[in-house]
Amino acid sequence: MSWLSTSRLPRPYDTERQSVAWTRWKERTVVPKDGAGVALLDALFGNSPYLTETALQNPDFMTDLWRQGPDVVFGDLMAQLSTAHSEALSGAKPEAIAVTLRRLKRRAALTVGVADIAEAWPLDRITGALSSFASGCLATLTDSILLQLSRDGQLGIGGDPQAAAFTVLGMGKLGAGELNYSSDIDLILLYDRDAPALADNEQLSRHFVRGARLLVQLMSEASADGYIFRTDLRLRPDPGSTPLAMSVQAAELYYESVGQNWERAAMIKAHPVAGNRAVGAGFLKDMTPYIWRKHLDFAAIHDIHSIKRQINAHRGGSTIKVLDHNVKLGRGGIREIEFFAQTQQLIFGGRNPALRLRGTCETLRALADAGHVTSHTAEELVSAYGFLRRVEHRLQMIDDRQTHSLPSDEAGVAAVATFLGYDDPMTFQAELLDTLRCVESHYAHLFEEAPSLAGPGGNLVFTGTDDDPGTLETLKALGFRDTSSAAAIVRRWHHGRYRATATARARELLTELMPGILKALGETASPDQALLNFDLFLGNLPAGVQLFSLFKSNPALLELLATIMGSAPGLAAHLARRTLLLDSVLSPDFYRPLPPAAEMTADLIAALSQVDHEQDILDLARRWNNDRRFQVGVQQLKHIVRPADAGLAYSDIAAAAITALCDRVERHFAETHGGFQGQRLAVLGLGKLGSREMSATSDLDLIFVYDIPAGMEESDGPSPLSPIQYYTRLSQKIVNALTALTNEGTLYEVDMRLRPSGRAGPLANSLEGFENYHAQSAWTWEHMALTRMRVIHGPAALAERLTEIVRTTLCRPRDPATLVRDVADMRDRIAQHAPPKSAWDFKHLRGGLFDIDFVAQYLALLHAANRPDILDPHPAEMLHRMAAADLIGREDAERLSAARTLLSDVQSLLRLTLNGDEAAFDESKAPEGQRRLIAATEGSRDLGDLQMRIGRETDAVRAIYERIVEAPARAAGWVSRKEGKGSER
């Protein structure tokens, strides 16, 4: 018992648990006769449930341990491990080997724990023993698995596992020989595909992955005998996209092309621990230029500084404290000491091989010897490291939990202090605080000129492979909902999978920009979607350094890009496809008004004249159209143009696209089918296209009308067609040209339900048929729709004739009673069949856009016979003209126009930010950025204020509608469908 000094043993903290354990011990074996053995068991029984249970399950082993001492017993355990290795080489199955290793691991844990508690071993012996035992287990199990693969016919290595050229690199604490009591072990599994025994094996990767999966499973899974070691392979190159085991050649290519500085820091501690160690050693030798760079430019040093700044974010506590403090990740913790050493190794180790060490303490002393830190600093950090590792071990010994945090209550801390040998817990707390402050002080001076990477309101860390809890909290505070996915996306950027992030310089810039990027994306209407859109945008960039440098020098551009990505899905999708558009955004011309429709039409016609193939024509038209719609959308987001002005621009862009495509389609069609003595087709625009009020997602309401000279029975081309066949096919081709989805996206949806007879009518109508239909057969609602008609494309004479026909139709005298009943009944039908989907469905809302437009269109049809000057495609302009003619009260007209402007503006912005149906907007779930954007556009304090304003306006509109339309309709005998059968027509 000479190895054991009872004065160094901690007293038992939990005497009740100690008493229960002694009772169970006496049931199994005899009480030690010497006081030292009793004191040792007291220390276990009163402080560590895990070690107590292990001792009670192995009383004979425990007896040998206190009698012979940990040196002898651990030596015997390593001998037994060697025997297990021999059994593996003799053909024992991996599963059977794993059972043996679990039993040995439990005994090894008890042995090392006793040596630590009794202070029989120094720290390096404790961590070295744990590391050597873990390496022995890995070597034994790896060889057993490789031989099993050979027996299964998957590897041609005979009985020699070394021939597999498969190596296990220990990373982190295992690689450094510094395992803690309940460490995970981080591994990288590699094989040399050029090894002779692996030649011509086409399934090599698949077989080694199978072996890797079995290795992790057997090492990690728990049974009645416990577990061997929890094993993690996520430090391998780009773990999200690479197999569990990869070739050394692929690993070399990864590190040399896209390896990050934090991965260089991780590789400092890499060490072959199992398998063919020569292969591992050769790989690390080849990696020397990557890990130990002799020449570092400023950007590389800046990025190494960022490792320290990101570790700032990784610290588990924002302040130094005792309760619940994380002694590994918290301020002043073990991680800070490790990175104090590693980051300086990265900078200076390329020129000084003496710094290329794996151990933390030996590195600190080497840094002092080289003059990079003072001896005083090195020794203080070495001492702190030893103290904190002892605390960490005690925390883990209690229940064999992989924890690094002190208890959150005073009693729990007192228990830990007692386990560490303190008589007074306050003495422990004081020493702990002094140690943490000492580490923090030295760490804070490391790269102190480097700016913080702390994000707004928290920290942002994307090194390594795990989600940092503090980073997830920061992302949540920034507005992201799926924070884990957001963190994974950012890590993917750093892995260099995109061309934009393939270079080290690009990733270094991205690291520095990350807080600003995430803050900007988080402030958008939809942060999660913004991040996905930005990810797609990055994925399509040909390079990143220039753009990231631009973001750094021009933060406003980053804010704009973030706004597009998170607030306008349609614009984001187009920008992701057309990343070169970002160059145009920098031009002052980008923010000027678009040219007139005629000028844009000429521009597009000229562009299309340069291409001949139909697919090229469609693609070019879409690029041209979407680029200009993108420009208008950005101007709208930046409040450079009001929604009404944006509506004019969107409509002129659509008109230009219709005219230019009609021109090309008609000419191509004529090459086969000829024509009828020149251009004979006109395209009429109705709805928002007709009134020039289109939004970012508006469709096109179109009517096709043709006029054929008398006596022409067929076209004059090689394949002649009758007029109805000719213009039906031509119209269909024009619709296809406008609606087809190509690689450049889409142009518009086309709605032709407003043509004569609707869906039952022909796609194109003759001029005579169009005129006769509206003179004899059209419903009142079809004439209401005609109030917003304008000719978009066609020969001047035909356009003039169509305008006259529509004007004549609208100015026809009407029976007031019939008219008002028809209008009220049509509005009632809509209300019954298409009720508002939400409070934001402004078209269908009571007092919404339908009610306003129905008032304007009703009064236009009622009075146009006597006052044709009131007609205009824009309903608000008609209301203005009618008020000037005393056909509606000025107050009513102003109220209707103001409400229409408000609802149309908000609708336009919702369609821009939702890329679709504004009725789907849910203010309770909308991100704060979108809520602010919509409210600010209308000058409201917030969304609630805007909703109250909309409510007041729609109530007023409904009252006007009921007074002008519904009341006269009821007086004329109309009855709502809610009350009874409405008028039929």
Side-chain angles (χ1 to χ4, degrees), residues 50 54 58 61 70 73-113 115 125-149 161-162 164 166-190 208 211-233 235 244-245 269-277 280 396 400 402:
Y50 171 71
T54 303
N58 301 271
F61 177 80
V73 170
F74 190 76
D76 182 57
L77 289 173
M78 293 301 290
Q80 293 179 54
L81 184 57
S82 179
T83 299
H85 195 181
S86 298
E87 292 173 356
L89 296 177
S90 298
K93 289 184 175 296
E95 292 78 8
I97 293 295
V99 172
T100 300
L101 297 183
R102 291 188 193 104
R103 293 171 181 165
L104 289 176
K105 163 63 187 309
R106 200 170 181 96
R107 295 184 174 190
L110 180 59
T111 303
V112 175
R125 178 74 191 280
I126 293 165
T127 57
L130 290 168
S131 302
S132 61
F133 182 80
S135 299
C137 290
L138 283 166
T140 301
L141 201 50
T142 297
D143 285 354
S144 176
I145 290 171
L146 292 173
L147 291 174
Q148 184 64 53
L149 292 175
Q162 295 295 299
F166 182 88
T167 191
V168 179
L169 294 183
M171 306 295 289
K173 285 184 168 59
L174 174 61
E178 297 175 337
L179 277 187
N180 60 45
Y181 196 76
S182 293
S183 278
D184 279 0
I185 54 175
D186 293 299
L187 307 177
I188 294 178
L189 307 180
L190 304 172
F208 278 130
R213 190 173 291 114
L214 183 59
L215 177 65
V216 172
Q217 174 190 334
L218 295 178
M219 288 291 292
S220 302
E221 69 181 2
S223 70
D225 297 311
Y227 64 97
I228 307 172
F229 284 92
R230 289 177 292 263
T231 304
D232 195 334
L233 301 182
L235 281 184
L244 298 180
K269 294 187 175 183
H271 183 64
V273 295
N276 190 322
R277 301 190 188 197
Q396 296 175 345
D400 190 33
Q402 191 189 16

Interatomic distance, [X] atom [atom1] to [Y] atom [atom2] [nearest 0.5 angstrom]:
X	Y	atom1	atom2	value
E95	L214	CD	CG	5.5 Å
I145	L215	CD1	CG	4.5 Å
R102	D225	CZ	CG	7.5 Å
D186	F229	CG	CZ	13.0 Å
D143	E87	CG	CD	13.5 Å
L81	F74	CG	CZ	8.5 Å

What are the two closest non-hydrogen atoms of [X] and [Y], and how far apart are they?
X	Y	answer
C137	L101	O-CD1, 3.7 Å
L187	G170	CD2-CA, 4.2 Å
A109	Y50	CB-OH, 3.9 Å
G211	L149	CA-CD1, 4.2 Å
L89	P161	CD2-CG, 3.8 Å

Side chain [X], main chain [Y], donor-acceptor under 3.5 Å:
X	Y	answer
S82	M78	no
S132	A129	yes
S144	T140	no

Does some side-chain heavy atom of I185 sit less than 4.5 Å from a side-chain heavy atom of L138?
yes

With heavy-atom distances below 4.5 Å as the criterion, would you say the side chains of V216 and L244 are in contact?
no

Would you list the atom pairs, donor with acceptor, under 3.5 Å between side chains in residues 171-180 and any protein atom, with sequence neighbours excluded?
unit_1	atom_1	unit_2	atom_2	d
K173	NZ	E338	OE2	3.0
E178	OE1	T360	OG1	3.2
E178	OE1	Y385	OH	3.3
E178	OE2	T360	N	2.7
E178	OE2	T360	OG1	3.4
N180	OD1	S182	N	3.3
N180	OD1	S183	N	2.7
N180	OD1	S183	OG	2.5
N180	ND2	S183	OG	3.1
N180	ND2	E392	OE2	3.3

Can you name the ring pair (Phe, Tyr, Trp, His ring centres under 6.0 Å) partners of Y181, sequence neighbours left out?
none

Hey, mind stepping through F61 and L77 against side-chain contact (heavy atoms from CB on, under 4.5 Å) and telling me if it holds?
CA-CA 11 Å; F61 177 80; L77 289 173; 4.1 Å; yes

Does the Lys NZ or Arg CZ of K105 fall within the cation-pi geometry relative to F133 - under 6.0 Å from the ring centre and within 45° of the axis?
no

Result of checking N276, T167, V168 against T142 for side chain to side chain contact (heavy atoms under 4.5 Å, CB included)
V168

